[in-house]
There are 2 protein chains.
Amino acid sequence: MSMARPRSTQAHEKVLNAALELFAERGIETTSMDAIAQASGVSKATIYNHWTDKEALLLEAMLMIHGLDREPEDVDTGDIQRDLTTVLTRKPPDKCDAVRNRLTPSLIAYSAFHPEFGREWRHRVTEPPRQCIKRILRRGISRGQFPADLDIESAVALLLGPMLYAHIFNKEDPSRKPDLGPISAANFWRAHSQNRKDRVAEQGIKKPTPRSKER
Amino acid sequence: MSMARPRSTQAHEKVLNAALELFAERGIETTSMDAIAQASGVSKATIYNHWTDKEALLLEAMLMIHGLDREPEDVDTGDIQRDLTTVLTRKPPDKCDAVRNRLTPSLIAYSAFHPEFGREWRHRVTEPPRQCIKRILRRGISRGQFPADLDIESAVALLLGPMLYAHIFNKEDPSRKPDLGPISAANFWRAHSQNRKDRVAEQGIKKPTPRSKER
DNA sequence: AAACTGAACTGAACCGTTCAGTATTGTTTT
DNA sequence: AAAACAATACTGAACGGTTCAGTTCAGTTT
């Protein structure tokens with residue numbers, strides 16, 4: 001009934017940290033449990049006492065590093081453009097950020113070949129910021145600042161894609177690393193904002209300015 | 001001096017094809033040479049006669065599938081917008097395309113942890129289309145259709161990023177899979193085109209830039 | 001004569017399990 | 001309060017069974 005000795009949270013965290021570091025440095029599939037045990041200083045037997053699987057460990061490690069920064073997810077200053085920029089520029093604490101970024105390529109591949117894990121990753125990690133952006137976009141539409149027929153799903157890709165791209169392809173090239181967050185936001189804003197100075201109508205329903213957006 | 005029996009190009013290609021298929025289906029690191037031998041119908045001894053390494057095989061397979069579509073890399077119809085859209089929409093033959101797309105996540109991860117291979121991948125595969133886009137952008141700048149201070153590197157990320165993003169994150173969600181090529185091109189065009197009268201009403205975030213500056 | 005096959009083989013790594021011994025905790029008794 | 005106890009966690013090392021990259025080789029085909 002009474003647990004005589006509680007699990008050492010110290011050991012638990014040491015393992016998680018070591019696992020994250022190794023996953024980020026050498027990749028998920030190529031990091032062995034023995035390596036994690038050795039790096040963490042926790043015996044492998046104990047690791048398998050805390051987690052059933054390598055995948056279970058990976059899952060908790062991933063949720064841990066992506067859950068450390070539970071910021072107020074929503075942003076609404078009234079200025080849609082500013083909100084967009086804020087969300088795209090938002091970054092986790094420096095320490096996390098490095099690990100998270102180095103982890104991304106592995107997660108992309110691992111998720112591609114482990115659909116279950118992939119769903120979890122997208123659902124728990126990549127979806128929240130997406131939702132945040134979607135809310136802002138919908139607000140923009142209802143305020144008439146974006147066209148009513150804006151495809152939100154495509155818009156999210158337009159906003160976030162450039163950052164992902166830069167992260168993957170400009171990694172080795174230190175010459176080209178401007179922060180794409182504000183750039184991408186500005187790019188999108190200039191392309192879709194209907195807030196021209198001759199049009200100040202704020203009420204949402206307006207005649208859609210005929211955009212030859214095809215289709 | 002003269003080889004009594006030439007290497008079977010048939011075997012060579014069977015191995016390459018089988019390797020590509022397996023790499024795409026199960027990932028690079030988790031595909032064994034034995035599996036490739038069995039799937040190709042070529043004995044493992046022969047495979048190691050044709051390639052020194054698993055990595056050598058991977059490299060040639062990658063170059064093969066990305067070299068099959070040597071199209072006229074350059075596009076210049078005079079209409080910058082059309083050229084951009086064309087390049088972003090351009091696709092390899094259907095057969096290749098499926099394999100290439102499924103291969104991408106693995107290549108991202110493998111390149112992240114094998115810098116040498118990564119350089120080769122970027123240089124031989126991802127760089128050519130980038131260069132093509134850059135040429136178009138420079139042409140647009142020199143013709144005054146884009147602002148002279150446009151950061152080309154960021155612009156490429158703005159154009160290609162959304163497609164990469166959609167490819168990675170919208171894979172499992174069949175509801176939203178519009179072709180982002182034209183959308184991304186239109187998005188960029190609307191944000192940066194300077195000499196269209198449908199955009200002059202935009203409030204001047206950008207100052208009227210001076211004439212073309214050579215780079 | 002060289003390329004092929006099929007099969008065996010090496011050496012190393014891997015995951016996950018087991019186990020005897022030890023350390024650390026909560027509980028009970030003195 | 002101190003000592004004894006019971007229950008559990010941890011260690012370190014080993015082990016089984018598998019998988020892998022790469023090699024070797026006797027025999028077959030071209």
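Keep in mind that this is a model prediction, so the values were computed, not measured. What's counted below: heavy atoms across the whole structure, side chains too, no hydrogens, waters or symmetry copies. Every chain is numbered from 1, with letters handed out A, B, ... down the list of sequences.
Under the 3.5 Å distance criterion, the side-chain polar atoms of A:Thr85 are left unmatched by any main-chain donor or acceptor of A:Ala185.
Between the C1' atom of D:dC20 and the CD atom of A:Glu29 lies a distance of 14 Å, rounded to the nearest Å. Whole-Å rounding puts the A:Lys14 NZ to D:dC10 P distance at 11 Å. One interatomic measurement links the two molecules: OH of A:Tyr48 to P of D:dG12, which rounds to 18 Å at whole-angstrom precision. One can place CD of B:Gln10 at 14 Å from C1' of C:dA3, the figure rounded to the nearest angstrom. In this structure, B:Asp53 atom CG and D:dC20 atom C1' are separated by 14 Å, rounded to whole Å. The distance between atom NZ of A:Lys54 and atom P of D:dT18, rounded to the nearest whole Å, is 19 Å. The distance from atom CD1 of B:Ile47 to atom C1' of C:dG6 is 13 Å, rounded to the nearest whole Å. Straight-line distance from the CG atom of A:Asn49 to the C1' atom of D:dT11: 12 Å, rounded to whole Å.
Between B:Ser184 and A:Leu158, the closest heavy-atom pair is CA-CD2, 3.8 Å.
Annotation: proximity of residues 33-46 of chain B to DNA chain D (heavy atom, distance under 4.0 Å) is found for B:Met33, B:Lys44, B:Ala45, numbered in ascending order.
Salt-bridge check for A:Asp76 with A:Arg135: failed, with every basic side-chain N at 4.0 Å or more from each acidic carboxylate O.
Backbone-only engagement by A:Thr31 is indicated by non-hydrogen atom pairs under 4.0 Å involving sugar-phosphate atoms exclusively. Using a 4.0 Å heavy-atom distance criterion, B:His50 is classed as a sugar-phosphate-only contact.
In this structure, the ring of A:Phe146 has its center less than 6.0 angstrom from the ring center of A:Phe188. Between A:Tyr110 and A:Phe23, the distance separating the two ring centers is not shorter than 6.0 angstrom.
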Criterion side chain to side chain donor-acceptor pair (under 3.5 Å) on A:Glu120 and A:His114, from CA distance to verdict: CA-CA 10 Å; A:Glu120 206 70 19; A:His114 299 77; over 6 Å; no
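Each of B:Leu84, B:Ile133, B:Val87 was compared with B:Val75 under the side chain to side chain contact (heavy atoms under 4.5 Å, CB included) criterion, and only B:Val87 meets it.
With hydrogens and angles ignored, a donor-acceptor pair closer than 3.5 Å exists between the side chain of A:Arg5 and the base of D:dA9.
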